[in-house]
Amino acid sequence: MTLSRRLLDEEQQHGLPPGLSTLLLQVGFAAKILAREFTRAALVGNLGLVGDLNPTGDAQKKLDVFANEAVVSVFEETGLVAAIVSEEMERVKETASTGAARYLLCIDPLDGSSNTDINGALGTIFGIYKWNGPGNVTEQALPKCSEQIAAGYVMYGGSTMLVYTAGHGVHGFTLDRDLGEFLLSHDNIRCPVRGRYYSANVGRYYEWPPELRAYIEYLTDHDPATKRPYSLRYTGALVADLHRSLMEGGVYFYPADAQHKNGKLRLAYECAPLALVVEQAGGSASTGETRILDLQPHSIHQQVPFVIGSAADVALYEHFFRGANVSKTAP
Ligand code: AFP
């Protein structure tokens, strides 16, 4: 089943808001453009740095710039998007159709850009909100995370996958390059309640508080009854690590550390969209203290501490994070 056919069915069954399926189809179109460019980047001189920093201080890669320009033009041409918040743009971008358009798009066009030059996994993350018409653009571009009406990600790995939710479960599509179509490969994805994997930059272990170090001690302790030790998987691309947790169970976390006092990951276009996807699949996502979808962003590039994945694994992280138990025992 193609993406367009699946969206048509979803529209008939659940009555999606007008134009939403067009936007989700455009995600698929953008993904095809990006997948093609990522595949040939080494051959056409499109790897490496541009020389600038993005709004949260990361060195911009040529592919970051390409991906941003591609998604902006693909969504602008729909006439459905009033404004775009992107990791690569300092300010909210108002489109030519701001007056008439219905939606706000929050997007990380290229997640995992440190992987571009080593042929590693990459991603695109997006969240879609209703746009409430004229008014202060910056304020309107900061809706509460729970107001997202659709979200998802594209993963560029061994194959290109598009995973989305429009509030009626989570569905995964794989790009058939010969047909040029995204085909349904993972219907109604459910995140296992508990996994065997954890994903984190453990190189920052000594910058974490004792509560989190105790959590790592717990995960890596030997106890076959609770399937420990957990195995470490960390790719440098949130999308790829989250995809593993979503499919097989497990947990990804990026807490605050010495360099990132408020966490590293961006709320609007990394944490909130993935939180909606994972919750729709039965998992959960929080800062360690507060559910991500309950947050009200105060700026478009706001960073937060982040934990996401299987419900029981996130709950265990939160238990340790609260300092409820800094010994090596579980709740
Ligand atoms: P980019 O979107 O800027 O490429 O950042 C990648 C990322 O936000 C996330 O995908 C990774 O899990 C994380 O940063 C990696 O950060 P460290 O290199 O600090 O581990």
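Both counts, for ligands and for their atoms, begin at 1 and track the order of listing. Just so you know, residue 1 is the first one in the sequence shown, and it goes up from there. Worth saying up front: this structure is predicted, and the values here are computed from it rather than measured. In what follows, every heavy atom counts, from backbone to side chain, and hydrogens, waters and symmetry copies are set aside.
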**Prompt:** For atom NZ of Lys32, is the number of surrounding heavy atoms from other residues, nucleotides or ligands below 6.0 Å larger than 12?
**Reply:**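 Yes, because the 6.0 Å sphere around NZ of Lys32 holds more than 12 heavy atoms from other groups.
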**Prompt:** Any luck finding a side-chain donor-acceptor pair between Ser286 and Tyr317 under 3.5 Å?
**Reply:** no
**Residues lining ligand 1 [heavy-atom distance under 4.0 Å, listed by chain and residue number]** = Asp58, Glu87, Asp108, Leu110, Asp111, Gly112, Ser113, Asn201, Tyr234, Gly236, Ala237, Leu238, Tyr252, Tyr254, Lys264, Leu265, Arg266, Glu270
**Request:** Assess the pair His301 and Tyr269: is the distance between their ring centroids shorter than 6.0 Å?
**Result:**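 Ring centres of Tyr269 and His301 closer than 6.0 Å.
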**Prompt:** Between Lys144 and Glu147, is there a side-chain N and carboxylate O pair less than 4.0 Å apart?
**Reply:** no
**Request:** Kindly indicate, with the supporting measurements, whether the criterion ring-ring contact (aromatic ring centres under 6.0 Å, His included) is fulfilled by Tyr197 and Tyr230.
**Result:** CA-CA 5 Å; Tyr197 299 108; Tyr230 275 39; 8.3 Å; no
**Request:** With ring-ring contact (aromatic ring centres under 6.0 Å, His included) as the test, would you mind laying out the steps for His243 and Tyr153 before giving the verdict?
**Result:** CA-CA 9 Å; His243 186 68; Tyr153 60 86; 5.8 Å; yes
